[in-house]
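Worksheet for the structure shown next.
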Amino acid sequence: MIPAQQFTQHASHQETVDTRTLRQVCGTFATGVTVITSGDRGNSVGVTANSFTSVSLDPPLVLFCLHKESRVRPVLTATGGFVVNFLAHHQEETAWGFAGRESARVDEVPHHRSRDGIPVLSQALAFLSCHLVREYDGGDHAILLGEVVDLGTSGRDEDPLVFYRGQMRVLGDGPTVGRS
């Protein structure tokens, strides 16, 4: 049996939650790393995001969150679609390249186009090409819901890139606790 832990409480329900503390606490949740791409051949953009989730299998829906001031948002809205690229463990440089305000250019990364002409990062583990269905308000972020219209995997048996406590990481050698 695992002993109970003592937690440090940083805010009560009457206090305002400090954004730095919120980021630190949320950073203890490991997530996969994606690069969201959009645009056409004349104006392709990409942004690193770990706020991705599958929503529904029928219809096939996914979502991710994007800062409302992101330079990617107007291109994505005009294009009406996006591609979610799931990054492999060896793509840390790519992830950091698309993470900043002055991010990498899609043309500088090996890529091909989805059926809709949106860039797909060729070295990614897998991709989902989506039509933008709806956008929801999420405070300083927009929650973008997309319907999957095309998808694929690399077929390579590689570990994904993971984000945990502000760092890119690779999965370990496997689970420490098995299911019975």
Side-chain angles (χ1 to χ4, degrees), residues 23 26 29-164 168 171:
R23 181 183 290 245
C26 289
F29 181 69
T31 63
V33 181
T34 69
V35 169
I36 308 296
T37 52
S38 191
D40 56 27
R41 291 186 191 281
N43 188 21
S44 296
V45 294
V47 64
T48 300
N50 66 339
S51 61
F52 164 82
T53 192
S54 172
V55 175
S56 169
L57 295 176
D58 187 18
L61 300 173
V62 298
L63 69 76
F64 76 99
C65 300
L66 184 64
H67 196 279
K68 286 183 177 176
E69 301 300 317
S70 171
R71 64 187 162 54
V72 172
R73 192 170 175 214
V75 175
L76 190 151
T77 302
T79 302
F82 58 91
V83 168
V84 182
N85 298 275
F86 300 106
L87 298 192
H89 66 93
H90 58 81
Q91 293 183 285
E92 180 177 349
E93 186 176 324
T94 300
W96 286 120
F98 283 104
R101 293 191 191 277
E102 296 297 321
S103 77
R105 294 170 25 105
V106 172
D107 293 340
E108 297 170 348
V109 179
H111 68 281
H112 57 279
R113 300 280 169 173
S114 69
R115 287 186 219 162
D116 290 341
I118 299 172
V120 176
L121 302 185
S122 298
Q123 295 176 353
L125 284 176
F127 78 94
L128 301 171
S129 183
C130 306
H131 289 164
L132 181 61
V133 173
R134 189 164 293 136
E135 185 175 313
Y136 298 96
D137 181 44
D140 61 0
H141 280 65
I143 302 166
L144 301 159
L145 182 70
E147 182 172 5
V148 179
V149 295
D150 191 14
L151 66 160
T153 65
S154 68
R156 297 184 310 267
D157 185 19
E158 293 183 274
D159 281 340
L161 187 59
V162 177
F163 192 72
Y164 178 70
M168 303 288 178
L171 290 179

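The basis for the numbers below is simple: all heavy atoms, side chains too, and nothing from hydrogens, waters or symmetry mates. Residue numbers run from 1 in the order of the sequence given.
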Atom pairs and distances, side-chain donor-acceptor, residues 84-91, under 3.5 Å, sequence neighbours left out:
unit_1, atom_1, unit_2, atom_2, d
Asn85, OD1, Leu121, N, 2.9
Asn85, ND2, Val35, O, 2.8
Asn85, ND2, Thr37, OG1, 3.2
His90, NE2, Glu158, OE2, 3.2
Gln91, OE1, Ala88, N, 2.8

Problem set entry | side-chain hydrogen bond (donor to acceptor under 3.5 Å, both in side chains) involving Asp40 - partner list, sequence neighbours excluded | none
For this session: Just grab all the ring pair (Phe, Tyr, Trp, His ring centres under 6.0 Å) pairs involving residues 101-144, residues at least two apart or on different chains.
Result: His67-His141
For this session: Give, for atom CG of Leu151 and atom SG of Cys130, the distance between the pair rounded to the nearest 0.5 Å.
Result: 9.0 Å
Exercise. Do other residues, nucleotides or ligands put more than 12 heavy atoms under 6.0 Å from the CZ atom of Arg71?
Worked result: yes
Pairs of donor and acceptor atoms involving the side chains of residues 72-79, under 3.5 Å and at least two apart or interchain, shall be tabulated with distances.
unit_1, atom_1, unit_2, atom_2, d
Arg73, NE, Glu135, OE2, 3.1
Arg73, NH1, Lys68, O, 3.2
Arg73, NH2, Glu135, OE2, 2.1
Thr77, OG1, Arg73, O, 2.9
Thr79, OG1, Gly39, N, 3.4
Thr79, OG1, Val75, O, 2.8

Exercise. Between Ser38 and Gly81, is there a donor-acceptor pair closer than 3.5 Å when you use the side chain of the first and the backbone of the second?
Worked result: yes
Exercise. Is the number of heavy atoms from other residues, nucleotides or ligands within 6.0 Å of CZ (Arg115) greater than 12?
Worked result: no
Seminar exercise, completed: side chain to side chain contact (heavy atoms under 4.5 Å, CB included) filter on Glu147, not counting sequence neighbours, yields Pro59, Pro60, Leu61, Val133
Seminar exercise, completed: All heavy atoms of Val33 vs all of Ala95, minimum pair found to be CG1-CB, 3.9 Å
Seminar exercise, completed: All heavy atoms of Ile143 vs all of Cys65, minimum pair found to be CG1-SG, 4.0 Å
Problem set entry | Exam field: side chain Arg41 to backbone Gly117, donor-acceptor pair closer than 3.5 Å | no
Exercise. Can you name the side-chain hydrogen bond (donor to acceptor under 3.5 Å, both in side chains) partners of Arg113, sequence neighbours left out?
Worked result: Ser44
Exercise. Does Glu69 have any salt bridge (Lys or Arg N to Asp or Glu O under 4.0 Å) partners at least two apart in sequence or in another chain, and if so, which?
Worked result: none
Exercise. With side chains defined as the heavy atoms from C-beta onward, is the minimum distance between Val106 and Phe98 less than 4.5 Å?
Worked result: yes
Problem set entry | Pairs meeting criterion salt bridge (Lys or Arg N to Asp or Glu O under 4.0 Å) with involvement of residues 45-64, two or more places apart | none
For this session: Indicate yes or no: at least one non-hydrogen side-chain atom of Val148 is less than 4.5 angstrom from one of Val62.
Result: yes
Exercise. How long is the span from the CZ atom in Phe52 to the CG atom in Leu128, to the nearest 0.5 Å?
Worked result: 5.0 Å
For this session: Just jot down the salt bridge (Lys or Arg N to Asp or Glu O under 4.0 Å) partners of Asp107, sequence neighbours excluded, or say none.
Result: Arg105
Exercise. Would you find a donor on one side and an acceptor on the other, under 3.5 Å apart, between the side chain of Thr34 and the backbone of Ala49?
Worked result: yes
Problem set entry | Closest contact, heavy atoms only, Phe163 versus Trp96 | CE1-CH2, 4.1 Å
For this session: Would you please test Phe82 and Leu132 for side-chain contact (heavy atoms from CB on, under 4.5 Å) and show each step?
Result: CA-CA 7 Å; Phe82 58 91; Leu132 181 61; 4.3 Å; yes
